[in-house]
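What follows is a set of notes on a single structure, which appears directly below.
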Amino acid sequence: MPDVLIADDHPLFRDALQRAVLSAMPEASVHCADSVHSLLVLVEQFPEADLLLLDLHMPGARGYSALAHIRGQFPGLPTIVVSGHEEAQVARRALAHGASAYIPKSSSGEDIVQAIRTVLDGDVWLPHALLSDAGSALKDDEAEIATRVASLTPQQFRVLTMIAEGLLNKQIAYDLGVSEATVKAHMTAIMRKLGVNNRTQVALAASQLAVEPGSMQQPLPDDDE
């Protein structure tokens with residue numbers, strides 16, 4: 001029985017995706033997440049999953065950071081990006097980051113089913129309206145930071161997304177159920193892997209993967225960093 005993962009924080013659209021999956025793969029077992037953090041748990045539970053449908057915007061990540069991390073950690077997991085964005089440039093960047101398909105949320109159920117079937121056949125799928133604009137490569141700095149984000153462990157990626165949301169070390173420690181010393185150790189490893197020196201630079205690096213550059217909140221400095 002194939003396992004399919006759906007990560008979307010909107011219940012109605014998550015249900016629509018599940019119906020499309022079961023239409024394309026009636027025998028599939030569908031597992032849903034409503035945040036990037038719960039998605040990371042799912043991916044660890046089902047490391048041999050057959051397909052992931054991933055929303056670009058949900059709690060725990062914005063833009064392409066979750067896609068870059070998942071593609072780096074699980075390169076064999078075909079990933080379909082779903083998004084409310086209709087712009088060709090957003091779709092191009094998703095494919096360049098390793099997505100196998102890009103589905104605008106305005107797509108019909110038939111299109112979603114076709115995208116799923118196309119990806120399962122090993123091909124790339126885009127809406128007809130975006131086909132003529134596909135095929136752009138990433139800028140060097142975006143490709144570099146995506147590679148570095150992909151090298152983070154799941155827990156380090158969780159900390160990265162929380163830094164990008166503007167949380168302080170004590171807040172991150174509380175939310176993750178770990179000590180502040182553990183968070184600081186993760187911070188040190190994250191800065192080393194990203195090639196930066198402080199939490200502000202960490203957030204700036206992560207912002208390069210935003211759909212709209214500069215849209216991520218800048219973090220407050222931690223007095224005890």
Side-chain angles (χ1 to χ4, degrees), residues 5-9 33-44 46-47 49 51-85 87-104 119 124-126 134-165 167 186-187 189-196 199-217 219:
L5 312 181
I6 295 175
D8 193 295
D9 62 327
D34 60 2
S35 69
V36 169
H37 302 308
S38 57
L39 170 62
L40 293 177
V41 173
L42 267 188
V43 176
E44 291 168 0
F46 301 97
L51 182 67
L52 166 64
L53 289 90
L54 174 67
D55 187 9
L56 280 183
H57 295 284
M58 72 178 77
R62 297 175 222 168
Y64 305 94
S65 59
L67 174 61
H69 180 68
I70 293 293
R71 293 298 301 150
Q73 295 291 311
F74 301 91
L77 175 61
T79 301
I80 295 175
V81 166
V82 295
S83 173
H85 288 275
E87 300 90 345
Q89 176 63 20
V90 177
R92 286 199 299 267
R93 289 173 68 194
L95 294 188
H97 278 296
S100 297
Y102 185 88
I103 301 175
V119 170
V124 173
W125 188 92
L126 280 174
S136 176
L138 295 176
K139 295 180 180 179
D140 289 345
D141 54 350
E142 184 174 351
E144 173 66 20
I145 196 62
T147 299
R148 290 177 180 269
V149 167
S151 74
L152 300 176
T153 67
Q155 191 75 328
Q156 289 166 359
F157 181 72
R158 291 182 179 98
V159 173
L160 170 69
T161 63
M162 298 171 94
I163 293 169
E165 291 169 359
L167 299 184
H186 286 314
M187 278 288 301
I190 291 167
M191 288 188 289
R192 174 175 53 80
K193 289 184 177 182
L194 297 187
V196 299
R199 69 190 295 114
T200 298
Q201 291 175 347
V202 167
L204 288 173
S207 72
Q208 295 183 50
L209 298 178
V211 172
E212 299 174 1
S215 63
M216 287 190 174
Q217 180 177 347

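For reference, positions follow the sequence shown, starting with 1.
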Inset, instruction - Side-chain contact test, heavy atoms from C-beta onward, threshold under 4.5 Å: evaluate it for V36 versus F157 and give yes or no. - result: yes
Inset, instruction - Could I get the full list of side-chain hydrogen bond (donor to acceptor under 3.5 Å, both in side chains) partners for H97, not counting sequence neighbours? - result: E142
Legend entry - Interatomic distance, E44 atom CD to F74 atom CZ [nearest 0.5 angstrom]: 6.5 Å
Legend entry - Separation between CD1 of I190 and CD of Q155, rounded to the nearest 0.5 Å: 9.0 Å
When the side chains of residues 75-82 are checked against the rest of the protein, which donor-acceptor pairs come out under 3.5 Å, sequence neighbours left out?
| residue | atom | partner | partner atom | Å |
| --- | --- | --- | --- | --- |
| T79 | OG1 | L77 | O | 3.1 |

Legend entry - Pairing residues for Q201 by the side-chain hydrogen bond (donor to acceptor under 3.5 Å, both in side chains) criterion, not counting sequence neighbours: none
Legend entry - Gap separating the CG atom of D55 from the CG atom of D34, nearest 0.5 angstrom: 11.5 Å
Inset, instruction - Measure the spacing between CE of M58 and OG of S38 and express it to the nearest 0.5 Å. - result: 8.0 Å
Legend entry - Donor-acceptor pair, side chain of Y64 and main chain of V90, under 3.5 angstrom: yes
Inset, instruction - Kindly indicate whether the side chain of L160, heavy atoms from C-beta on, has any atom under 4.5 Å from the side chain of L194. - result: yes
Inset, instruction - Please name the pair of heavy atoms, one in A101 and one in V119, separated by the smallest distance, quoted to 0.1 Å. - result: CB-CG2, 3.6 Å
Legend entry - Which atom of L95 lies closest to which atom of A99, heavy atoms considered: CD2-O, 3.3 Å
Legend entry - Check: Q73 side chain, L152 main-chain N or O, donor-acceptor pair, under 3.5 Å: yes
Inset, instruction - Nearest 0.5 Å please: distance from the CD1 atom of I70 over to the CG atom of L39. - result: 4.5 Å
Inset, instruction - Kindly compute the distance separating OG (S35) from CG (D8), expressed to the nearest 0.5 Å. - result: 11.5 Å
Inset, instruction - Kindly indicate whether the side chain of L209, heavy atoms from C-beta on, has any atom under 4.5 Å from the side chain of I145. - result: yes
Legend entry - Closest non-hydrogen atom pair, A66 against L54: C-CD2, 4.3 Å
Legend entry - Close side-chain approach of K193 to T153, heavy-atom, < 4.5 Å: yes
Inset, instruction - Looking only at non-hydrogen atoms, find the nearest pair between L167 and R199 and report the distance. - result: O-NH2, 2.7 Å
Inset, instruction - Return the minimal non-hydrogen interatomic distance between L67 and A94, and the atom names on each side. - result: CD2-O, 3.6 Å
Legend entry - Nearest heavy atoms of M191 and V202, plus distance in Å: CG-CG2, 3.7 Å
Legend entry - Parallel, tilted or perpendicular: ring planes of H85 versus H57, cut at 30 and 60 degrees: tilted
Inset, instruction - Taking the side chain as every heavy atom from C-beta outward, state whether Q156 and H69 have any atom pair closer than 4.5 Å. - result: no
